[in-house]
Amino acid sequence: DSGVTQTPKHLITATGQRVTLRCSPRSGDLSVYWYQQSLDQGLQFLIQYYNGEERAKGNILERFSAQQFPDLHSELNLSSLELGDSALYFCASSQPRDRANTEAFFGQGTRLTVV
Amino acid sequence: GQQLNQSPQSMFIQEGEDVSMNCTSSSIFNTWLWYKQDPGEGPVLLIALYKAGELTSNGRLTAQFGITRKDSFLNISASIPSDVGIYFCAGQLGYGGATNKLIFGTGTLLAVQP
């Protein structure tokens, strides 16, 4: 158990709909990252939040947005869903320290299927 | 999106054999991480490397951070059936909390026959 909790585990929805994925980071971790994993694209970085603020952005579509709340949990919102958005969505968390680099620990993911 | 070059793409071996896989990048990283992913699960951290030239072990796993900071390898000795899964390398630039995003390799699928 990594300590990172993601809900729901599975989600099936229709094209054009909007969904929200939720992530609770490990206790004490300030950074939350969202990744998308599809068969043809591998693990792709979407966005990072650190202590409530956006810190880095990857290949995140404009239809997608995220936020991190004061209690440090994060939500990834996906709207106007398309068939190609079907993928596994992972959340990871890490705790920055004085040293430059920290390990990231992943949740079990949300499998999104758009039909 | 950006991905690191990881090889081999897949390996089919007999139980007890040693395994080696590597990862290369055109960019320099300050940290290399190795993860294992089982089907339908999230990646699980195996080893983290922080210094160029560093060699680190975790049980039967050994990983090294290349001198150029553009590559890393992972060795698994005396493989067992539970080693089956997909192994990913990941590079991290890392400067405090600002840019710790991971860039992942393309993955190595490992199958172990008892």
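Chain identifiers are assigned alphabetically (A, B, ...) following the order of the sequence lines, protein sequences preceding nucleic acid strands; residue numbering begins at 1 within each chain.
Between B:K101 and A:K57 the shortest heavy-atom distance is NZ-O, 4.5 Å. Smallest separation of non-hydrogen atoms from B:E41 and A:F90: O-CZ, 3.4 Å. For the pair A:E103 and B:A48, the tightest heavy-atom approach, listed with the atom from each and the gap, is CG-CB, 3.8 Å.
Under a cut-off of 6.0 angstrom, the local environment of CD in B:Q113 is sparse, with at most 12 non-hydrogen atoms contributed by other residues, nucleotides or ligands. Within a 6.0 Å sphere centred on NZ of B:K51, other residues, nucleotides and ligands contribute 12 heavy atoms or fewer. Within a 6.0 Å sphere centred on CD of B:Q14, other residues, nucleotides and ligands contribute more than 12 heavy atoms. Counting non-hydrogen atoms of neighbouring residues, nucleotides and ligands closer than 6.0 angstrom, the CD1 atom of A:I12 reaches no more than 12 such neighbours.
For A:F106, the ring pair (Phe, Tyr, Trp, His ring centres under 6.0 Å) criterion is met by A:Y35, B:Y35, B:F104, not counting sequence neighbours.
Taking chain A as the reference chain and counting heavy-atom pairs below 4.5 Å, the highest number among B:V44, B:L33, B:L102 is found for B:L102.
Counting only heavy atoms from C-beta outward, the side chains of B:L45 and A:F105 approach each other to under 4.5 Å.
Proximity to chain B (any heavy atom under 4.5 Å) is shown, for A:Q6, by neither the backbone nor the side chain.
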